[in-house]
Structure formats: C-alpha cells, structure tokens
Amino acid sequence: MRKITFFFILISGLCFSQDSDRFAFELKGNSFTGIGNNFIADGTKTFTGFGVGFTGTFFKNIGLGIEFNKSYSEVSDVSVFGDLHSPQFTTFDYYALYRYQANNRLSFEGNIGGGYAKLKSYSNYRTKNFSESGNAFLVGAKAMYGLTKNNNLQLVAGPRFYFLSTFTEMNDPKIEKYYSKSTLLNLSLGLRICF
C-alpha cells in the first residue's frame with residue numbers, strides 16, 4: 001500500500017509541476033561492486049549492466065526519482081557464494097533529491113531513498129533458479145554537464161551506496177549477518193534528456 005501511495009504522489013507531482021525543464025529521463029551504464037565483509041563482496045565479481053530512471057523537481061530544486069537497474073556478474077568464490085553461476089542483480093529504487101546549479105552547464109544532485117533488490121543465480125543441479133530478495137537503503141550523488149546549448153541533453157555520472165538487507169535466516173548470527181547484510185558501491189555513467 002505504501003508503494004502505491006508513493007507512486008500516486010510522484011505521478012501527481014509530475015503532472016502538476018509548472019516548469020517544463022524540471023523532468024528528466026536517464027539511460028546509463030552501471031557497475032555494482034560489493035565492499036566490506038559480506039558474501040557479495042567475497043563471492044562475486046563486479047556486476048555490470050544498465051539502468052533507466054525518471055526524475056522531477058518540484059519545489060526549490062527538491063524532487064523525486066524512480067529508477068530500474070539490471071546488472072550481471074560471475075561467481076569469484078564458489079566456497080562463499082555456492083555452486084551457482086551467472087548471478088544477476090536487479091533493483092527498483094525510489095528516492096528524494098536535491099539539485100544544485102553550479103553554473104550554466106554544470107549541476108550537482110544528492111539523493112537518498114530506498115528500494116527493492118533481487119539477486120538471482122542459476123544452478124546446474126536444479127531446474128529452478130536460486131533467488132533472494134530484500135530491501136535497500138541508498139545514498140548517492142550525481143554530476144550533470146550540459147552537452148547542448150539549452151542543456152536538454154546532459155552527461156550524467158556519479159556514485160551511490162546501497163545498503164542491502166536480504167531475507168536470510170540462519171542459526172549463527174554472524175553467518176546470518178554475512179549473508180543478509182551487504183554494502184555495494186554503484187558507479188554510473190550515462191545520458192540525461194531534460195524536458
């Protein structure tokens with residue numbers, strides 16, 4: 001219910017905003033790297049893939065955004081990750097943002113929010129794939145540089161941290177934390193179309 005309410009608030013804000021240049025569509029390349037002491041950092045290589053997103057600013061450079069990311073990797077340590085292959089990492093994010101215009105071409109954005117994450121892998125020994133899902137808290141930043149005179153096309157890049165909590169239950173609390181709490185660093189580079 002909360003997700004549906006948030007979606008309607010976002011769409012309402014987008015529809016009734018007064019300025020036509022406050023909306024943006026992004027298409028970007030992504031990498032996700034596990035950091036710290038967790039099974040994603042120790043058991044997989046860097047995930048690479050793509051992302052699409054939509055943002056709108058509404059009041060004094062404050063706005064909202066939604067984003068979908070899909071990325072692919074390989075298992076680096078079977079003893080940690082299990083006898084699986086071809087892991088895929090998918091996120092659906094929603095966040096609040098603040099945009100700062102440094103000059104005519106360059107602007108910066110900070111964002112904070114949450115989302116849904118899913119990690120899916122395949123096994124040679126079972127017909128059903130292995131997947132686990134959870135929630136993510138995210139915090140990040142972006143830099144945008146105008147490529148056209150009116151800044152309708154921008155180059156966008158930035159880092160973001162994902163703090164992932166998956167629904168994993170194990171008897172040993174230390175092992176459970178190792179497999180259910182992960183931190184990932186996301187680096188992205190792409191294009192933003194403003195309208």
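Throughout, numbering of the chain's residues begins at 1 and tracks the sequence. Remember, predicted model here, so these are calculated numbers, not experimental data.
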Q. Are Val52 and Leu153 grouped together when hydrophobic residues (ILVMFWY) are joined by side-chain heavy atoms under 4.5 angstrom apart?
A. no
Q.
Using 0.5 Å steps for rounding, measure from the OG1 atom of Thr183 to the CG atom of Asn38.
A. 6.0 Å
Q) What is the minimum heavy-atom distance between Ala117 and Thr91, and which atoms define it? A) CB-CG2, 4.2 Å
Q.
Under the rule for ring-ring contact (aromatic ring centres under 6.0 Å, His included), what residues qualify as partners of Phe81, not counting sequence neighbours?
A. Phe39
Q. Counting only heavy atoms not in Lys70, do more than 12 sit closer than 6.0 Å to its NZ atom?
A. yes
(Q) Taking side chain to side chain donor-acceptor pair (under 3.5 Å) as the definition, give me every residue that meets it alongside Tyr178, ordered by chain and number, with sequence neighbours left out. (A) Asp42
Q.
Hydrophobic cluster membership, with links at side-chain heavy-atom distances under 4.5 Å among I/L/V/M/F/W/Y: are Val78 and Phe130 in one?
A. yes
**Q.** Ser133 and Phe167: CA distance, side-chain angles, deciding distance, side chain to side chain contact (heavy atoms under 4.5 Å, CB included) verdict
**A.** CA-CA 6 Å; Ser133 57; Phe167 308 119; 4.1 Å; yes
Q) Are Tyr98 and Phe108 close enough that some pair of their side-chain heavy atoms sits under 4.5 Å apart? A) no
Q.
With rounding to the nearest 0.5 angstrom, report the CZ to CD1 distance, Phe23 to Ile193.
A. 15.0 Å
Q.
Would you say Thr44 and Ser73 are linked by a side-chain donor-acceptor pair, where the criterion is simply a distance under 3.5 Å?
A. no
Q) More than 12 heavy atoms of other residues, nucleotides or ligands under 6.0 Å from CG of Asn104: is that the case? A) no
(Q) Other members of the hydrophobic cluster containing Phe161, with the 4.5 Å side-chain heavy-atom rule, please. (A) Ile35, Ile112, Phe137, Val139, Phe163, Leu185, Leu187
Q.
Can you list everything that forms a salt bridge (Lys or Arg N to Asp or Glu O under 4.0 Å) with Lys28? Sequence neighbours excluded, please.
A. Glu67
Q) salt bridge (Lys or Arg N to Asp or Glu O under 4.0 Å): which pairs involve residues 87-97, sequence neighbours left out? A) Asp93-Arg160
Q: Any chance you could lay out the side chain to side chain contact (heavy atoms under 4.5 Å, CB included) test for Arg99 and Lys142, step after step, and finish with the verdict?
A: CA-CA 9 Å; Arg99 191 167 297 149; Lys142 294 179 184 177; over 6 Å; no
Q. Ignoring hydrogens and geometry, is there a side-chain-to-backbone donor-acceptor pair from Arg105 to Thr148 under 3.5 Å?
A. yes
Q: Please tell me if the side chains of Gln88 and Tyr122 come closer than 4.5 Å, counting only heavy atoms from C-beta onward.
A: yes
(Q) With a 4.5 Å cut-off on side-chain heavy-atom distances among I, L, V, M, F, W and Y, is there a chain of contacts connecting Leu106 to Tyr100? (A) yes
Q) Is the distance between the ring centroids of Phe25 and Phe54 less than 6.0 Å? A) no
Q. Which residues satisfy the side chain to side chain donor-acceptor pair (under 3.5 Å) test with Asn171, sequence neighbours excluded?
A. none
Q.
Checking Asn186 now: which residues fulfil side chain to side chain donor-acceptor pair (under 3.5 Å) with it, not counting sequence neighbours?
A. Asn30
**Q.** Side-chain touch Thr48/Ser71, heavy atoms, less than 4.5 angstrom
**A.** no
(Q) Leu155: which residues meet the side-chain contact (heavy atoms from CB on, under 4.5 Å) condition with it, sequence neighbours left out? (A) Leu147, Leu189, Leu191
Q) At their closest point, which heavy atom of Asn111 faces which heavy atom of Glu109, and how far apart are they? A) ND2-OE2, 3.9 Å
Q) With Tyr162, which of Tyr116, Phe32, Tyr95 fulfils ring pair (Phe, Tyr, Trp, His ring centres under 6.0 Å)? A) Phe32
Q: Kindly give the heavy-atom pair with the smallest separation between Ile40 and Gly34, and that separation in Å.
A: CG2-CA, 4.2 Å
Q: State which residues pass side-chain contact (heavy atoms from CB on, under 4.5 Å) with Tyr125; sequence neighbours excluded, sorted by chain then number.
A: Asp83, Ser123
Q. Passes side chain to side chain contact (heavy atoms under 4.5 Å, CB included), Arg192 versus Met144? Steps please.
A. CA-CA 8 Å; Arg192 171 181 283 201; Met144 287 86 63; 3.6 Å; yes
Q: Only counting residues at least two apart or in another chain, list the ones meeting salt bridge (Lys or Arg N to Asp or Glu O under 4.0 Å) with Lys120.
A: none
**Q.** Close side-chain approach of Ile66 to Thr55, heavy-atom, < 4.5 Å
**A.** no
Q.
Just verifying a value: how many Å separate Ser182 OG and Asn37 CG, rounded to the nearest 0.5 Å?
A. 10.0 Å
**Q.** Residue list, side chain to side chain donor-acceptor pair (under 3.5 Å) with Ser165, at least two apart or on another chain
**A.** Lys181
**Q.** Closest approach of Leu119 to Pro87 (non-hydrogen atoms, all atoms of both residues)
**A.** CD1-CB, 4.3 Å
(Q) Check for me whether the distance between the ring centres of Phe47 and Tyr72 falls short of 6.0 Å. (A) no
**Q.** Single-linkage hydrophobic cluster Val75~Leu184, side-chain heavy atoms < 4.5 angstrom
**A.** yes
Q) What residues, two or more places apart in sequence or in another chain, satisfy salt bridge (Lys or Arg N to Asp or Glu O under 4.0 Å) together with Glu74? A) Lys45
Q: Answer yes if Val156 and Leu64 sit in the same cluster of Ile, Leu, Val, Met, Phe, Trp and Tyr residues linked by side chain heavy atoms under 4.5 Å apart, and no otherwise.
A: no
